[in-house]
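One structure is given below, encoded as structure tokens.
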Amino acid sequence: KGFPGKGFPMKGFGKGFPRPLGKDAAEMQRFASDRKHRLRDFVGNLHEAVGKDLLRFSTEKLAKAKELVEVLRLKLEKNTLPIFAPMELLLTDGLCMLWLLDSSATEEDYDLLMELCQITSRSQAGARHLLADCVQDVWPRRTARPGAKTAGLFSSQAKPGKKQGTQAP
């Protein structure tokens, strides 16, 4: 009497198939993977922009940016980031490239970035917690609009006609 079909109906039987438990997890993983690829492309575009216009930067600032990348131990091949680079490494490297592009960056900004690079190279979990806390503190609300400088930076890095997973005609 205690077996399914012998007095006790099975859960979900006759009401359609129960939804597999792993489907939501797979969708979340795919969404996170897509976001990571977009971030990787964005940081790669920043590296490409910096590589094309090296004369624009002072030799001192270029040397400091090289130090930051060396601390991260990031191996670039023709301004292309590794496919399986951790998210924390991508974010830290992107912040380093933005620091290099920012003409109003200060020595204090460099010192903070150097500390973040050291934390990232030592412990990715520690960097993840630090970055998550920082993002939560400064993340704009839905009603907020980006400033003109921020919008200009993002639009200058976008490549027209090239979207994730599609090719330009």
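Positions are given from 1 along the sequence.
The side-chain heavy atoms of R56 and L101, taken from C-beta on, include a pair separated by under 4.5 Å. Within the 4.5 Å cutoff, the side chain of T92 has no heavy atoms near those of the I119 side chain. Taking 4.5 Å as the limit, every side-chain heavy atom of T120 sits out of range of all side-chain heavy atoms of V71. Within the 4.5 Å cutoff, side-chain heavy atoms of L116 are placed close to those of L131. You'll find the side chain of K36 stays beyond 4.5 Å of the side chain of R40, heavy atoms only. Looking at E107 and L112, their side chains never come closer than 4.5 Å, going by heavy atoms from C-beta outward. Residues M114 and E67 have side chains in contact (heavy-atom distance under 4.5 Å, counting atoms from C-beta outward).
Taking all atoms of both residues into account, the shortest heavy-atom contact from L46 to G94 is CD1-O, 4.0 Å. Pairing each heavy atom of F57 with each of L100, the nearest pair is CE2-O, 3.3 Å.
Not a single donor-acceptor pair under 3.5 Å links the side chain of D93 to the backbone N or O of L90.
E115 and Y110 share no side-chain donor-acceptor pair at under 3.5 Å.
From L68, atom CG reaches atom CD of Q118 across 9.5 Å, with rounding to the nearest 0.5 Å. Atoms CG and SG, from L95 and C117 in turn, are 8.5 Å apart once rounded to the nearest 0.5 Å. Rounding to the nearest 0.5 Å gives a distance of 10.5 Å between OG of S123 and CG of L130. Distance check: R38 CZ to D41 CG gives 9.5 Å after rounding to the nearest 0.5 Å.
Partners of R35 under the salt bridge (Lys or Arg N to Asp or Glu O under 4.0 Å) rule, at least two apart in sequence or in another chain, do not exist in this structure.
Cation-pi contact between K64 and W99: absent, since separation from the ring centre below 6.0 Å together with deviation from the ring axis within 45° is not met.
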